[in-house]
Amino acid sequence: MSSETNLPTRQRRVNSNFITEIIDEDLRQRRYAKIVTRFPPEPNGYLHIGHAKSICLNFGLALDYGGECNLRFDDTNPETESIEYVDAAKRDVQWLGVQWARELYASDYFERLYEFAVQLITDGKAYVDSLSDEEISEYRGTVTQPGKPSPYRDRSVEENLELFRHMRDGGFPDGAHVLRAKIDLASRNMKLRDPVLYRIVHAPHYHAGDAWCIYPLYDFAHPLSDAIEGISHSICTLEFENNRAIYDWLLENLRGKCGLPHAPRPYQYEFARLNLDYTVLSKRKLIKLVDGRHVQGWDDPRLPTLSGVRRRGVTPEAIREFCYRIGVAKTNSRVDLGIFEAAVRDDLNHRAPRVLAVLRPLKVVLTNYPGGKVEQLEAPYWPHDVPKEGWRQVPFSRELYIERDDFMEHPPKGFHRLVPGGHVRLRHAYVIRCDEVVKNASGEIAELHCTYDPDTIGKNPAGGAPKGTIHWVCAPHAVKAEVRLYDRLFGVADPEAGGGEFTAYLNPASLTVVEGYVEPSVLQDPPATRYQFERLGYFWQDPEDSRPGDLVFNRIVTLRDSWTKAQRK
RNA sequence: UGGGGGAUCGUCUAACGGUAGGACGACGGGCUCUGGACCCGUUAGUGGGGGUUCGAAUCCUCCUCCCCCAGCCA
């Protein structure tokens, strides 16, 4: 299977899909000198991993085919857009590790777009309509009934030109007139029933300032922006399939005019947007979660926003790998969260040094260990299967903390951890035996009295290897830390299904905060270090809230856990 | 009831008239001072009916189901 990319499949940023096939054919036919794509966010919300799919696709194709990809802000609606979102989007795109050829704004084309509109009017292909928005809606008909022409549809070119100029000059209030394409009121495609091209909005624009009081709509601005930039392949999502007819109509009527080349021209292709289990990927719903204080901001680590997953600790490489794995197609689909988590774990497994931390401490006293003694044990950062080297010292003394879950007074079958009278290996340290369970007045387990076997560093005791190894932290040296345990944001796979308000399905346990202990070596590390807390998961310090004397860790993702899985059966 | 799209293992995705493959998962085994990782194996799919063909996921036909379209949002 030869390809125009000349790249072996494994080195491609984008798995072959229906779009790469189109590009291969276009290149074979020499329709374009090079491929040019664009990522066109509207700056009215934060980017999320659905956008990451589009970013990886558009920038990935540019890389694979030696073309280029622009970052273009599709900013034609002054009432919802702001510079905050532009800055956030740029930050997120850069963080993802892609590089745009040019940073562009549709609003920079407003003057050219105006000229295109005048050209359409001059050609008798657009007219100023003075119906109200309700009337326009009525006149448009329904999916089964054709629309009927507005009484203003046959205004003269001169009158249209005059009116349109006055629209621009500010002579009319909002909604008084619109500019419409003169296409076909009876079209089976509703989008073609004389779509509105311009509306009057007396509002300043965050980028264009107060230069305009008329603004183009997406259907007008987008294809022409593509054409201005020399885009070859304009990739968008499935819900724009019907809009493609307007896209083509505009470019066919304007190509070769107003400075646009006759050829080549861009073509639009649509792929299925990403849906991910247990979360929502729609700007409207994300805004609602943020504004409704269901989460603590756009960068809340539970959110699927790029700023959220970044703060959570997920790396851009993991996001890109995820996008590579899920592929691109036209089928509406919903991706299993497991695919995302697997990509995150695969990335972190080779990136994160292992350290010991205890989230729900249970004190262990080693009754046969000398009171004032402290040993420094050498512990490797990496397991045998990760080809990296490095060690740190971990202190060991008479009092330790272990995980409460790692001790059971009445264990079920198959429990390989500490039990009364049983042995267990302390990771990188000794084998201990539990001699006594000490309880408080209310009958809860307060601490464990154990004895250690001094001859078990690096070797097994005479009685044979214990069944389990558990993690621990030396009590007098333990570093206290707040640990934020994140779980899925919603309790159901598809919060948008089933009717009702989607916020009703929010998972009340999406955030659990515990006070735990981490081994003291982490104090020596750069704060952005990502760790595996052995047997618990991957963690890093929260970039916003963690302080040198007041550590806060986020759980990025858990480890696969075949024990609890087996327990459920 | 109109138009535009889409249907392949549980999930995502390949195949371009010639052995239905991969990833995630699940299941079983191995290894292991992490119940992690890794290794091996197994499971499991072409929505349905006709037709063309030596041969069909792929071409034709009928049907079913799903998504999108009646914003002066994108």
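Chain identifiers are assigned alphabetically (A, B, ...) following the order of the sequence lines, protein sequences preceding nucleic acid strands; residue numbering begins at 1 within each chain. For clarity, every value in this text was computed on a predicted model and none was experimentally measured.
- Here His416(A) counts as stacked on G35(B): its ring centre is under 5.5 angstrom from the base ring centre and the planes meet at under 30°.
- In this structure, Arg168(A) is positioned above the aromatic face of Tyr114(A), its NZ or CZ under 6.0 Å from the six-membered ring centre and within 45° of the axis.
- Between the CG atom of Leu276(A) and the P atom of U11(B) there is a distance of 15 Å, rounded to whole Å.
- Checked by distance alone, Arg345(A) brings no side-chain donor or acceptor within 3.5 Å of a matching partner on the base of G36(B).
- In this structure, Trp563(A) forms an aromatic stack with the base of G35(B), since both conditions hold: centre separation below 5.5 Å and plane angle below 30°.
- When only modelled atom types and interatomic distance are considered, His48(A) and Thr305(A) share no side-chain donor-acceptor pair under 3.5 Å.
- To the nearest whole angstrom, the two P atoms, one in G5(B) and one in C59(B), are 15 Å apart.
- Side-chain contact annotation: Thr315(A) with Arg530(A), donor-acceptor N/O pair under 3.5 Å absent.
- In this structure, a donor-acceptor pair under 3.5 Å is absent between the side chains of Tyr381(A) and Gln532(A).
- Between Arg427(A) and Arg334(A), the residue anchored closer to the 5' end of RNA chain B is Arg334(A), taking for each the nucleotide with the nearest heavy atom.
- Asp194(A) and Tyr139(A) share no side-chain donor-acceptor pair at under 3.5 Å.
- If you check U32(B), A74(B), G2(B) against the side chain of His384(A), the one that comes closest is U32(B).
- When Watson-Crick and G-U wobble pairs are counted only if both distances are under 3.5 Å, U1(B) pairs with no nucleotide at all.
- Across all strands shown, the partner of U42(B) is A26(B), judged by Watson-Crick or G-U wobble contacts whose two distances both fall under 3.5 Å.
- Atom pair Tyr324(A):OH and G22(B):P shows a separation of 15 Å (rounding to whole Å applied).
- Under the 3.5 Å distance criterion, with hydrogens and angles disregarded, a donor-acceptor pair is assigned to the side chains of His222(A) and Asp74(A).
- Taking the side chain of Thr469(A) as heavy atoms from C-beta on, and the options U34(B), G36(B), C67(B), the nearest nucleotide is U34(B).
- Across all strands shown, A7(B) forms a Watson-Crick or G-U wobble pair with U64(B), both key distances being under 3.5 Å.
- If you check the side chains of Thr456(A) and Asp453(A), you find no donor sitting under 3.5 Å from an acceptor.
- For the segment residues 170-184 of chain A, the set of residues with a heavy atom within less than 4.0 Å of an atom of RNA chain B comprises Gly175(A), Val178(A), in numerical order.
- You'll find that the side chain of Lys330(A) is closest to G6(B), out of G6(B), A37(B), U13(B).
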